[in-house]
Undergrad: 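Let me begin by handing over the structure; questions about it come next.
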Protein chains: 2
Amino acid sequence: MDTFKTHLDKFITINDEDYSSVLSFFQIMEVKKKQNLLVEGEVCKSMYFVLNGCLRKFFVNEKGVEQTTEFAIENWWITDTFAFERQIKSDFSIQSVERSTILVIDLETQELLLKKHPVMERYFRMIYQRAYASSERRIRYLYEMSREELYIHFSTQYPWFIQRIPQYLIASFLGFTPEYLSEIRAKLRS
Amino acid sequence: MDTFKTHLDKFITINDEDYSSVLSFFQIMEVKKKQNLLVEGEVCKSMYFVLNGCLRKFFVNEKGVEQTTEFAIENWWITDTFAFERQIKSDFSIQSVERSTILVIDLETQELLLKKHPVMERYFRMIYQRAYASSERRIRYLYEMSREELYIHFSTQYPWFIQRIPQYLIASFLGFTPEYLSEIRAKLRS
DNA sequence: CGGATCGTTGATCAACTTCAACGGTCGTGG
DNA sequence: CCACGACCGTTGAAGTTGATCAACGATCCG
């Protein structure tokens with residue numbers, strides 16, 4: 001997939017031959033809307049890279065409501081990092097939001113990839129560094145902003161977010177109820 | 001410092017000679033209580049590794065109150081990852097909570113280190129992966145638990161936390177007011 | 001010993017949730 | 001291709017959680 005090559009080029013330099021080899025470690029996969037890739041309680045065997053489409057990670061809270069904690073769109077990785085690293089049962093589920101094309105790799109294969117192409121160690125270091133940096137800022141936002149401000153922030157910062165994602169998932173991701181989101185939208189409209 | 005070698009050994013294999021070389025890229029630094037290492041608005045030049053003691057990261061919210069978002073104790077790294085990676089002004093401050101001994105490295109030196117010791121690329125990949133994994137779980141807790149549950153969780157999970165850290169910093173870190181923490185503690189006492 | 005900082009208590013207030021009910025729309029089977 | 005059911009967004013009333021403000025006591029440190 002060229003889109004993955006373009007993505008890699010942002011972080012490391014890799015020639016076409018090596019790139020082909022790197023790519024051979026991944027499985028490409030098509031998923032339709034609302035397809036499960038990982039279900040809470042299963043061992044988290046793989047990491048997923050979104051070529052196009054959108055995935056989400058969620059858990060079910062004590063009230064039985066799905067709580068979305070993360071979205072992954074084009075050029076983002078998603079997995080339960082903690083459970084993946086240790087190959088243990090996951091506390092999260094991962095599901096497609098839209099019809100999507102993704103790359104899949106499991107831990108064992110990733111280790112082989114890293115052994116054969118040490119430059120990928122650098123790539124993943126940078127990816128995790130970037131992911132951690134966004135977590136840092138996300139946590140800051142959660143501390144700093146009211147729910148209303150969070151909504152305004154995300155809808156101006158990530159307009160695709162509001163357009164592509166159904167409203168009840170947006171509310172869930174931002175940490176409040178669909179009803180309250182309705183109220184905010186009504187208020188902003190007037 | 002042997003404590004850093006012990007820490008490295010958990011992630012990579014490195015002989016004594018290479019370790020000496022690796023160590024030479026870091027600066028060792030003693031800081032007393034409440035000393036600033038980074039002040040909001042300054043360029044974030046360094047990463048800090050805590051050999052012993054405790055550092056914290058915080059920002060000042062619109063009400064002028066310091067909001068602590070992260071603590072680092074023994075064997076943890078701390079920096080504003082986003083600002084460090086880009087060598088731009090930071091939105092956070094970093095300060096010691098106690099008298100501490102730390103290792104310091106700046107971006108340029110880190111790049112030299114990574115070039116000379118590619119195995120450190122793997123080390124930092126694993127460190128960031130682990131850091132991201134804790135963020136994932138932390139965000140989940142923030143979504144899942146009430147403030148009271150958060151306090152109970154952290155005080156049972158991380159007892160050192162309650163003992164070493166003053167109460168107003170605990171409240172700040174958990175995202176509520178010192179007054180409310182008092183109330184929770186009173187309730188739990190009875 | 002004295003001042004500043006920290007923890008506590010209680011009253012009032014704002015943000016957000018919960019629950020119930022309704023209308024619109026989307027997609028699926030007949 | 002239409003009709004029906006399920007799901008989604010909206011509205012409003014009542015209820016909770018946690019914030020704010022002010023005042024006081026304790027403790028720590030110079």
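In this text the structure is predicted, and so the values were computed from the model without any measurement.
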Undergrad: For B:Phe59, does the six-membered ring have the charged nitrogen or CZ of A:Arg140 within the cation-pi criterion, i.e. under 6.0 angstrom from the centroid and within 45° of the normal?
TA: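 So A:Arg140 does make the cation-pi contact.
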Undergrad: Using OP1 and OP2 only, check whether a side-chain N or O of A:Ser146 sits under 4.0 Å from C:dA15.
TA: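 Answer is no, no contact under 4.0 Å.
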Undergrad: The side chain of B:Thr177 is closest to which nucleotide in this list: C:dT18, D:dA19, C:dC16?
TA: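 Output: D:dA19.
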Undergrad: Distance check needed: D:dA19 C1' versus B:Glu183 CD, whole Å only.
TA: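 The answer, rounded to whole Å, is 10 Å.
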Undergrad: Would you mind reading off the distance between A:Glu149 atom CD and C:dA15 atom C1', rounded to a whole angstrom?
TA: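 The answer, rounded to whole Å, is 12 Å.
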Undergrad: Heavy atoms from C-beta onward define the side chain here; which of C:dT9, D:dA19, D:dG9 lies closest to that of B:Arg189?
TA: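 Nucleotide nearest to B:Arg189's side chain: C:dT9.
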Undergrad: Using whole Å, what does the distance between atom P of nucleotide D:dA26 and atom CD of B:Gln167 come to?
TA: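 That distance rounds to 16 Å.
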Undergrad: Whole-Å distance between D:dC8 C1' and A:Ile170 CD1?
TA: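 Nearest whole value for this atom pair: 13 Å.
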Undergrad: Please confirm whether the shortest side-chain N or O distance from A:Arg185 to OP1 or OP2 of D:dG9 is below 4.0 Å.
TA: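 So the side-chain polar atoms of A:Arg185 never come under 4.0 Å of the phosphate oxygens OP1 or OP2 of D:dG9.
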Undergrad: Rounded to whole angstrom units, what separation is found between the NZ atom of A:Lys34 and the P atom of D:dA6?
TA: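 In whole Å, D:dA6 P lies 15 Å from A:Lys34 NZ.
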Undergrad: Once you round it to whole Å, what is the distance between P of D:dT11 and CD1 of A:Ile184?
TA: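 Computing the A:Ile184:CD1 to D:dT11:P distance gives 13 Å.
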Undergrad: Whole-Å distance between C:dT17 C1' and A:Gln67 CD?
TA: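 Answer to the nearest Å: 13 Å.
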Undergrad: Give a yes/no answer on whether the side chain of A:Tyr180 brings an N or O atom under 4.0 Å of OP1 or OP2 in C:dT17.
TA: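 No, outside the criterion.
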Undergrad: Please pick, from D:dT11, D:dG18, D:dA22, the nucleotide with the shortest atom-to-atom distance to any side-chain atom of A:Ser182.
TA: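 Among D:dT11, D:dG18, D:dA22, the one nearest the side chain of A:Ser182 is D:dT11.
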Undergrad: Please check if the side chain of B:Lys89 supplies one atom and the backbone of B:Glu40 the other of a donor-acceptor pair under 3.5 Å.
TA: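 Checking the backbone N and O of B:Glu40 against the side chain of B:Lys89, no donor-acceptor pair under 3.5 Å is found.
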Undergrad: Is the NZ or CZ atom of A:Arg130 both under 6.0 Å from the centre of the six-membered ring of A:Trp76 and within 45° of that ring's axis?
TA: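 Yes.
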Undergrad: When you check the phosphate oxygens OP1 and OP2 of C:dT17, does a side-chain N or O of A:Lys63 lie under 4.0 Å from one of them?
TA: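 Result: no.
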Undergrad: Write down the distance between OH (A:Tyr168) and P (D:dT10), rounded to a whole number of angstrom.
TA: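 Those two atoms, OH and P, are 14 Å apart.
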Undergrad: For the residue pair A:Arg86 and A:Phe82, would you count it as a cation-pi contact if the rule is NZ or CZ under 6.0 angstrom from the ring centre and within 45 degrees of the ring axis?
TA: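 Yes, cation above the ring, under 6.0 Å and within 45°.
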Undergrad: Would the distance check show the side chain of B:Gln87 and the main-chain N or O of B:Phe84 forming a donor-acceptor pair, the cut-off being under 3.5 Å?
TA: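 Confirmed, B:Gln87 side chain pairs with B:Phe84 backbone.
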Undergrad: Can you tell which of C:dC16, C:dC19, D:dG9 lies closest to the side chain of A:Pro166?
TA: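 Of C:dC16, C:dC19, D:dG9, D:dG9 is nearest to the side chain of A:Pro166.
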